[in-house]
Amino acid sequence: MVNPVKAQVDVEQLTVSFGAKRAVAEVNVSVAPGEVTAILGPSGCGKSTLLRAIAGLTEPSSGAVFIDGADQRPIPAHRRGCVLLFQDGQLFDHRSVAENVGYALKLRRAPREQVRVRVAELLELVGLGDMADRAPATLSGGERQRVALARALAAEPRVLLLDEPLSALDRELRTRLADDLARIVRDAGITTIVVTHDHDEAFVLADNVMLMREGKIVQSGPLAEVWGGPKDEWVAGFLGYDQVLDGGAAAAVARAARLVLEPGGQLAARASAFVTDASGELAARMNRVRRVSATHVALDLELDDPIGAVAAVVGRGEAVPRAGDDVQVAIDAAQLAPIG
Amino acid sequence: MKRIAVLSAWSIAPVLVLIAFFIVPVGAMMGQGLWPGGRFDPGGIVEVLTRPRIRQVIAFTLWSAGLSTIITVVLGMPIARLLYATTWPGRRIFAALFLVPFVLPTVVVGVAFRLLLSESGRFGFLGLDGSATAIILAMVFFNLTVVVRIVGIAWENRDPRAAEAAASLGANPMQVFWTVTLPALAPAVAAAASVVFLFAATAFGVVLTLGGLRYSTVETEIYLLTVSHLDLQGAAALSIVQLLIVIGLMLLSSRVGRSRSTGGRARATPRPVQWRDAPAAACLGLGFVLIGAPLVALLSRAVRFDGAWSLEYFRRLSAAGDDPSIGVSLGDALETSLRVAVDATLIAVVLGLWIALLVTRRPRTASERRLLGGIDAIFVLPLGVSAVTLGFGFLIALNRPPLDFRDSAMLVPLAQALVALPLVVRTLTPVLRGIDERMREAATSLGANPRQVLTTIDLPRVSRPLVAAAGFAFAVSMGEFGATSFVARADSPTLPLLIYRLIGRPGEGHLAMAAAAAVVLALVIMVVVVVSDRSHERGVAQW
C-alpha cells in the first residue's frame, strides 16, 4: 500500500437546510487521523447529507468542515481529497472495470504503466484480480461495490466517505463484504467515515460511533461505550434493546443482575437478558411465544412483581414453555445497560 | 467564481444567437403586422382576419390538420401494436419502412403524391389530383411515423404487470385493453396526436405542391401573401395568428404529454401474432400502400422515358443549367444543398449540444433554477414558430447593420440550423438528463474538475445520440423548404427549391424531372439518416 495521508476531520456547527427543513442541524464531529467512525441513524435523519457536506457535494447553510485544520469552505469538491463511495457504487458503465479503477489516476495524468500496475494491485486487493476487462453492467452487486472501493482507494483519499456501502446487497454478501471492507479500510489506515442505518454494519466497520436523529448527533463515543450505555430510551431502542425498564422493575432487575443502578435510573434490556433456566432465581408465568426469526423465538413472560411483563428467550437445553406455564428465569447482565 | 455566474456566462453566447437570428426576425415580422408604416395599428390585423379568403384559409388549416390527425392516430395505433408489441417475421423491416416518410422532404412527398394522383398516374382514376383529400393523405403519410413510433415505443415499454393483474382479476383481453392498456398509453397517444396536429397545421411543402391556389393553409398563405401579393401586413397578421395557435398547442401538449413516472418497471415481452390481429394487419397493409404507392410512383416516373427504362430525366437535369427557365443544373443544386446542409448541421449541433449541456445542469439554488428554466423555455420557442415565419422574418430583419446578412453565405445555413435546432436539443437533453447526478458527483469526488466531469461523463454518453442528431439535422437541412424559400438566392437554389421550380413549369416532362431530382434528394437523405441513426436507435422517438 501507498502510505496513506492520515487526516484529521473536524466538523463545526454544520447546518444544511433544504428550504425550511434543517437536514443537518449544528452538528459537531471530530474524527482522529486513521480512525473509522460510523454515523448511525434511521433513514432520513440527515446522515447522508452530513457526509455529502463533508465531501463538498452539498453546500452547508452555515458551519464549516476542517481537514487537518484547514477550512474547506473555499475548496471545491474535486480538490478536497474526500472520496465518497455511493450506496450503489455509481460505476461509470461506459468504462471497463480497470478504467473505472484507474479513473482518478488518469485524471492526474499518471503514466500508463503506473496506472496499469496500480489498478492490478487494487483489483487484487478487493478480490477481483481477473475482472479488469469486464463491463460494470456484467458484475453482481457485491462485485460492483468492490470495484467502487478499489476506484476510491486509487484516488488516495485523505478521507474516505462510505454512504451505506453494504445496504444495497443481500444478507450473505453483506456479511462477507463487510469483513473485507473492514480489513481493507483498516489496513489502508485512511480516516474513514461510514454512514449507515444498520448497527451491525457500524459494529463491523467502526471504532467510534455517532448516533444521529433528526439532524442532530444524540450520542457519540467508542463503540462499546455507546452500546453499553445508551443515553436515552430512543437510543436504546435504536441500538436494538427490546425494552426499557424503570422504577421498581429496573431496580429489581439490577439487583438480581448485581448491577449498580442510580436510584430512579432506567435499564435497557435485550430479550436475551431474560433466559429461561430451571435454576434461575426469578419466577414468571408464560404468556405467549413470538417468532422473531427462523432460528429464534421470543417469549412474553410475566415476571413476579415488581418487574412485570418482559420479552425473554429460551435458555440452552430448555423446552419452549406453553402459555400458562410457570417458569424460572435467570438474568444475563451482559445484555443489560443502564440508561444515561 | 460562483456557479450561477459561471452558468450565466455560458448562457450568453446561445442567447445572443437566439436573439439575433430568432427573436429579432420574428419580432420584425410581428412589427410588420402591428406597426404598419411605423404606427401601432392592431386594427390592421383584425381587418386581415375578416377577409373571406383568410377565414377560409384558417378554417381549412384547422379542418385539414384535425381530420388528418384523427386518421393518423386511428390508423397508426393498430400498426404501432403490430410492429412493437407482437412478433412475426419481417416485423423489423416493416418498422424501419414506417420510419421513411418522416425524413423525406415535403416537396419530395408533394411530387410523389402528384405523380400518383395526376390524370396519367396509377391512381388518377380517383380524380383526387389537386383535392383536399390528396393534401390530407399526404399529411397522414408524413405523420404516420410519429404515431407509430411514439405509441409503439410506449406499447413496447409498457409495464405488463398491471394488465396481468387485471387479467387475474377476471378481465377478458378486450376489457384489459380498454381499462388498463389504453389508459396507460393515453399520454403517449396524446403526445403523438398533438405533435401530428402541430406538424399538419404548419405543413408547407406538401400543401404548396398539392394544393395549388385552391387550397391554402395559414402557412402557405403567408408565403403567397409575401411572395405573390407583397401584402406584408396580411402575412404578418397570419404569422401572429399561427404563432398563437402553435404556442397554445405546445402548452397543451406539454401538459398532456407528461408521462407519469412509475417505480420499478418490468418490460413486456412481445407476444406472437394471432388471428385476432387481422384488423391490425389490415391497417398495416393500408399504411404500407399509403407509404409505398407514392414512393413507387415517384421512382418509376423518374426512371422511365417514352415507355422504357431510361435516365433521360437525370440527363436533362444535369443540363438544366443551360435552360433559362430553370437556370441551374442538378449537380449545382445538389452541391449548394450539401454545402448549406454541412454548415447548418455544424451550427445546429454545436449550438444544440451547448444548449442541451446547459439546461441539463442540475440547479442547486433557486436562482440557478430560474436561470436554467428560463433558458430551457426560450429555446423551445423555435419549435413553435413555423419555418415560413422564420424565413419571412429573416427576409425583412437581417438586411440592415448590425445584422446585415443579405449577401452572406451563412444566411440560408443559419435559417436551416434554427429549424433543426429543436430536434438536436430534444434528442440530446433526455440522454443528458438520464445521467444520474450522483455519477457526476462520484467523478467529482474522485478528483475530476467540472471540465473533466463533462469530458469523462457527459460527452461519452451523448456521443452516439449526437451523431444521430447530426444526421437528422442534416436531413432536415437538406429537405428544408419553408424558410429556405424565402432566404435562398434565386441564382443558387437548393435541391428542394429546384424541385419546386420544376413543378411550377408546365408540361409532364418537367414533373418527371422534378421526380428525378426528388429521387436524388431522397436517396442522399436516406443514406445520411441510415448511417447516423444506426448509432442511436431511438433517434426519431424523441419526437
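Chain letters run A, B, ... following the sequence lines, proteins first, then strands; residues in each count from 1.
Side chains of B:R438 and A:D88 form a contact here, defined as non-hydrogen atoms less than 4.5 Å apart.
Annotation for A:Q13: atom CD counts as buried by contact number, over 12 foreign heavy atoms lying within 6.0 Å. Crowding of B:I93 atom CD1: a count of heavy atoms from other residues, nucleotides or ligands under 6.0 Å not exceeding 12.
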Which donor-acceptor pairs under 3.5 Å do side chains of residues 105-114 of chain A form with protein atoms, sequence neighbours excluded?
unit_1	atom_1	unit_2	atom_2	d
A:R108	NH2	A:A155	O	2.5
A:E113	OE1	A:R116	NE	3.4
A:E113	OE2	A:R116	NH2	2.8

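Heavy atoms closer than 4.5 Å to chain B are found in both the backbone and the side chain of A:F92. With a 4.5 Å cut-off on non-hydrogen atoms, A:L91 touches chain B through its backbone but not through its side chain. With a 4.5 Å cut-off on non-hydrogen atoms, B:A443 touches chain A through its backbone and its side chain both. For A:A77, the parts lying near chain B are the backbone and the side chain together; criterion is any non-hydrogen pair under 4.5 Å.
Rounding to the nearest 0.5 angstrom, the gap separating the CZ atom in A:R151 from the CG atom in B:L446 is 5.0 Å. With values rounded to the nearest 0.5 angstrom, B:E441 atom CD is found 14.5 Å from A:H78 atom NE2. To the nearest 0.5 Å, the span separating CG on A:L161 from OG on B:S445 amounts to 7.0 Å.
Below 4.5 Å, heavy atoms of chain A meet heavy atoms from B:P450, B:R451, B:Q452, B:T456, B:I457, B:P460, all part of residues 450-460 of chain B.
A salt bridge links A:D93 to B:R461: one of the charged nitrogens lies within less than 4.0 Å of a carboxylate oxygen.
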